Amino acid sequence: MSDQNENPVEEPLNGGSSAGDSNGAGENAGFVEDPGYDNAEGISLEDADVETSLTDADLSFLEEAESDLAAERLADLQRVTAEYANYRKRTEANREIERERIISDTVKILLPILDDIDRAEKHGDLAEGSALAAIAGKLRGVTERLGLVAYGAAGDVFDPNQHEAILQQPTPGATAETVLDVVETGYMLGLTQVRAAKVVVAVPAD
C-alpha cells in the first residue's frame with residue numbers, strides 16, 4: 001500500500017477549523033479588554049485627577065456678571081415704574097381736561113341767565129329777602145360748586161388774555177390801562193376760560 005493511506009488527515013467536521021486554527025482561536029478566546037483602561041499606558045479613567053474647582057478669576061467673572069445682571073434688571077424696573085407714573089399723570093390730566101370741557105359746555109347754557117342776574121343786581125332788583133334774590137343765590141351756588149369762578153371788576157389791571165376791551169376811555173390821572181367798567185362778567189373753570197370779561201378800559205389821557 002502507498003504512504004498516502006498510512007496517515008490520513010482527518011477533515012474537520014461541520015466546517016470546523018484545523019488544529020492550528022483552533023490553537024490560534026484558543027489563545028485569543030480568553031482575552032477580554034478591561035474597560036478600566038483607555039490608553040496604551042494603562043492609566044485608569046477612574047484614577048484620573050479631574051479638576052473641578054473654580055479659580056479666583058472665574059469667581060470674579062461670575063460675581064461681576066451677577067452684579068451687571070442685577071443692575072440691568074433694576075434699571076428696567078425703574079424705567080417701567082417711571083413710564084407707568086407718567087402714564088397715570090397723563091391719564092389724570094386728560095380726565096381733568098375732559099371733565100372741565102363737559103362742565104364748560106353745560107355752564108355756557110347758563111351764562112345768559114347769570115348775565116340777567118348781574119344786570120338785575122346793578123339795577124337794584126335783587127332786594128335782600130326777595131324771591132328773585134333767593135333764586136339768584138341758588139343758581140350762583142350751583143355754578144360755584146361746579147367750579148365756575150367769576151372775574152372782572154372795576155380797577156383791575158387790563159389783561160388782553162382775560163379781558164375783551166369793547167371801549168377805551170381816556171381818563172385823566174390814569175397811568176396804565178385799567179378796567180373802568182365791566183359790561184359782561186368773565187368766567188373761568190379751572191384753567192379753562194369759559195368767557196372773557198367784556199370791559200371798558202381806562203387809558204392815560206394825552
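All values derive from a computational prediction rather than experimental measurement.
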All side-chain hydrogen bond (donor to acceptor under 3.5 Å, both in side chains) counterparts of D115, not counting sequence neighbours: R195
Group every Ile, Leu, Val, Met, Phe, Trp and Tyr by side-chain heavy-atom contacts under 4.5 Å, then state whether V194 and L146 land in the same group. yes
With the 4.5 Å side-chain cut-off for hydrophobic clustering, are L111 and L126 part of the same group? yes
Hydrophobic cluster membership, L114 vs I135, 4.5 Å side-chain cutoff: no
Which side-chain N or O atoms in residues 160-179 pair as donor and acceptor under 3.5 Å with protein atoms at least two apart or in another chain?
{"residue": "H163", "atom": "ND1", "partner": "D159", "partner atom": "N", "Å": "2.9"}
{"residue": "H163", "atom": "ND1", "partner": "D159", "partner atom": "O", "Å": "3.3"}
{"residue": "T171", "atom": "OG1", "partner": "Q169", "partner atom": "O", "Å": "2.9"}

Just jot down the salt bridge (Lys or Arg N to Asp or Glu O under 4.0 Å) partners of D156, sequence neighbours excluded, or say none. none
What side-chain donor-acceptor pairs closer than 3.5 Å can you find for residues 196-204, not counting sequence neighbours?
none

Atom pairs and distances, donor-acceptor, side-chain atoms in residues 74-85, under 3.5 Å, two or more places apart:
{"residue": "D76", "atom": "OD1", "partner": "R79", "partner atom": "NH1", "Å": "3.0"}
{"residue": "T81", "atom": "OG1", "partner": "L77", "partner atom": "O", "Å": "2.8"}

Pairs of donor and acceptor atoms involving the side chains of residues 96-106, under 3.5 Å and at least two apart or interchain, shall be tabulated with distances.
{"residue": "E96", "atom": "OE2", "partner": "R99", "partner atom": "NH1", "Å": "3.4"}
{"residue": "E98", "atom": "OE1", "partner": "R101", "partner atom": "NE", "Å": "3.3"}
{"residue": "E98", "atom": "OE2", "partner": "R101", "partner atom": "NE", "Å": "3.4"}
{"residue": "E98", "atom": "OE2", "partner": "R101", "partner atom": "NH2", "Å": "2.7"}
{"residue": "E100", "atom": "OE1", "partner": "T192", "partner atom": "OG1", "Å": "2.9"}
{"residue": "R101", "atom": "NH1", "partner": "D105", "partner atom": "OD2", "Å": "3.1"}
{"residue": "T106", "atom": "OG1", "partner": "I102", "partner atom": "O", "Å": "3.0"}

With sequence neighbours left out, write down each residue that passes salt bridge (Lys or Arg N to Asp or Glu O under 4.0 Å) with R145, or none if nothing qualifies. none
Pair listing, side chain to side chain donor-acceptor pair (under 3.5 Å) test, anchored in residues 120-144, at least two apart: D118-R140, E121-R140
Applying side chain to side chain contact (heavy atoms under 4.5 Å, CB included), can you list everything that pairs with E64, at least two apart in sequence or on another chain? D68
Partners meeting side chain to side chain contact (heavy atoms under 4.5 Å, CB included) with S67 (sequence neighbours left out): none
Going by side chain to side chain contact (heavy atoms under 4.5 Å, CB included), L148 matches just one of V107, L110, V142. Which one? V107
Under the 4.5 Å side-chain heavy-atom rule for ILVMFWY, direct or indirect, which residues accompany Y151? M188
